[in-house]
A.B. asks: 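My structure is below; once you've seen it, I'll send some questions.
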2 protein chains.
Amino acid sequence: MLAAVLSVREATLHVLLWQRARAPHAHRWALPGGVLGAREDVRTSMLRQLSEKVDVREVAHLEQLAVFSAPDRRPGARRIATAFLGLVPSDADPRVPPDTRWCPVARLPETAFDHGEIVRGARERLQGKLSYTNVGFALAPPRFTISTLRVLYAAALGYDVDPTNLQRFLSRRGQLVATGGSAPPGPSGGRPASLYRFRSRRLEVTDEFVAFRPPR
Amino acid sequence: MLAAVLSVREATLHVLLWQRARAPHAHRWALPGGVLGAREDVRTSMLRQLSEKVDVREVAHLEQLAVFSAPDRRPGARRIATAFLGLVPSDADPRVPPDTRWCPVARLPETAFDHGEIVRGARERLQGKLSYTNVGFALAPPRFTISTLRVLYAAALGYDVDPTNLQRFLSRRGQLVATGGSAPPGPSGGRPASLYRFRSRRLEVTDEFVAFRPPR
DNA sequence: TCAAAAGTGTTCTAGCTACACCCATGG
DNA sequence: CCATGGGTGTAGCTAGAACACTTTTGA
């Protein structure tokens with residue numbers, strides 16, 4: 001049971017890691033997690049374990065990634081890990097324990113066991129789903145401007161995104177709702193940006209087919 | 001450890017199930033599987049367990065689906081299942097034990113535990129991946145005509161597919177290679193169909209982005 | 001009035017759908 | 001020569017990428 005909890009902080013994709021104090025792999029950085037309880041399913045258990053690190057209400061999305069099971073993936077007693085991808089909106093600022101930090105995914109510190117691989121898997125899953133689902137909601141605050149959203153998408157994808165096209169992409173799919181409000185412009189002026197929200201804050205597949213749409 | 005092994009048989013998507021002899025859920029139909037060994041990872045273990053039901057060389061693709069972990073998912077001692085999706089080409093005709101059969105996915109017999117849900121998950125995964133990867137190779141014989149391939153895609157997707165567009169879809173992505181050979185026409189005549197093969201018989205993502213392609 | 005930032009309009013193009021038409025074979 | 005099925009050409013449409021242009025604000 002491990003979770004790669006991703007969030008965009010200061011325009012960069014970060015992951016929540018804690019520094020191990022004890023051997024094995026002392027001082028290396030590890031994903032939060034623990035062991036499955038007798039009366040829990042894996043999702044419930046993951047949420048319980050995360051609640052020790054972050055406020056669970058701030059985890060806007062949680063999904064299974066994969067099982068990591070190589071017999072030698074960690075020294076000592078064998079442990080099989082069900083890995084999860086968690087997403088925390090950029091506005092949430094959860095209190096975390098002193099040994100825990102948000103680390104930039106592009107420049108990870110030395111990670112424990114196979115946790116680096118899990119983080120890379122999580123990032124790839126997120127990148128894919130940004131393009132054919134509404135997962136963006138889980139990176140964004142409840143209300144946001146298109147510029148803000150652009151920064152979040154760019155950080156998660158690792159390349160620049162055109163705000164015009166982002167706006168139209170989401171609008172065409174009915175995912176963007178104008179709230180009516182607007183954000184005040186910055187100190188150097190400029191037109192105030194309208195505030196939007198996602199129509200739904202639960203995962204929806206917006207592009208079921210790349211090709212092979214059923215005939216009319 | 002459970003596998004939903006799918007294959008197109010007689011123009012219909014089937015799954016490999018075996019009928020339980022003993023309680024619990026006697027006479028119901030279950031997915032093949034077993035328990036993880038001490039020195040195996042889940043993939044190796046799954047292949048080992050499948051080898052008891054089908055010839056493993058015929059499983060052209062095997063990937064993790066999800067972990068099923070509800071505490072009450074089956075009576076008796078708790079068991080957590082890592083579910084896999086397996087694919088067997090339509091030309092392979094593996095010898096299976098007497099209690100084991102290919103069952104049509106659209107009309108499953110009464111299934112044991114949560115195995116029905118797993119089969120539905122497997123079908124959905126396959127349907128999605130047919131559209132943005134080359135998984136088709138794992139449903140098809142080594143050499144095939146476009147008409148044959150059309151039948152396989154239609155069976156897996158559950159709706160009709162235009163052979164013209166299928167041909168171009170795969171050609172555009174460089175997945176189709178003409179072998180030069182051709183298949184003899186049927187008893188009522190007709191132009192002989194050319195034989196093709198997939199360029200690669202390992203999973204490749206052919207459409208990485210639905211939208212948000214990186215700028216040039 | 002100018003700079004800055006947001007938002008709209010428009011053109012270009014790739015690629016999917018649909019369908020008409022041509023090709024190769026058996027009877 | 002016709003029926004049958006395979007294969008090609010092509011028109012139409014959708015929607016993403018790129019970018020010019022307009023709008024709204026602060027100084």
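Naming convention: chains lettered A, B, ... in sequence-line order (proteins, then strands); numbering from 1 in each chain. In what follows, every heavy atom counts, from backbone to side chain, and hydrogens, waters and symmetry copies are set aside. These figures come from a predicted structure and were not determined experimentally.
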A.B. asks: Within residues 142-170 of chain B, which residues have any heavy atom lying less than 4.0 Å from an atom of DNA chain C?
C.D. replies: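 Heavy-atom contacts with DNA chain C come from B:Thr164, B:Asn165, B:Arg168.
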A.B. asks: What class does the angle between the rings of A:Phe169 and B:Phe212 fall in, given that below 30° is parallel, 30 to 60° is tilted and above 60° is perpendicular?
C.D. replies: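 The rings of A:Phe169 and B:Phe212 sit tilted, inter-plane angle from 30° to 60°.
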A.B. asks: What is the ring orientation for B:Phe137 with B:Phe198, classed by angle as parallel under 30°, tilted 30 to 60°, or perpendicular over 60°?
C.D. replies: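 The arrangement is perpendicular - the two ring planes meet at more than 60°.
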A.B. asks: Between A:Leu195 and A:Pro214, name the one whose nearest nucleotide on DNA chain C is closer to the 5' end.
C.D. replies: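 It is A:Leu195 whose nearest nucleotide is closer to the 5' end.
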A.B. asks: Please report the distance, rounded to the nearest Å, between CZ in A:Arg173 and P in D:dA15.
C.D. replies: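 In whole Å, D:dA15 P lies 8 Å from A:Arg173 CZ.
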A.B. asks: Between A:Glu63 and A:Lys129, does at least one N-O distance fall below 4.0 Å, as a salt bridge requires?
C.D. replies: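 The answer is yes: the pair qualifies as a salt bridge.
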A.B. asks: Are the side chain of A:Arg43 and the backbone N or O of A:Leu62 linked by a donor-acceptor pair below 3.5 Å?
C.D. replies: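 Here the side-chain-to-backbone pair exists.
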A.B. asks: Please determine if a side-chain N or O atom of B:Ser194 lies less than 4.0 Å away from the OP1 or OP2 oxygen of D:dG6.
C.D. replies: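 Negative; the distance criterion is not met.
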A.B. asks: Only counting residues at least two apart or in another chain, list the ones meeting salt bridge (Lys or Arg N to Asp or Glu O under 4.0 Å) with A:Arg191.
C.D. replies: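 For A:Arg191 there are no salt bridge (Lys or Arg N to Asp or Glu O under 4.0 Å) partners, ignoring immediate neighbours.
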A.B. asks: Nearest whole Å is fine: how far is C:dA6 C1' from A:Arg191 CZ?
C.D. replies: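 It works out to 5 Å between those atoms.
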A.B. asks: Report yes if some heavy atom in the side chain of A:Arg150 is under 4.5 Å from a heavy atom in the side chain of A:Asp160; otherwise report no.
C.D. replies: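 A:Arg150 vs A:Asp160: side chains touch.
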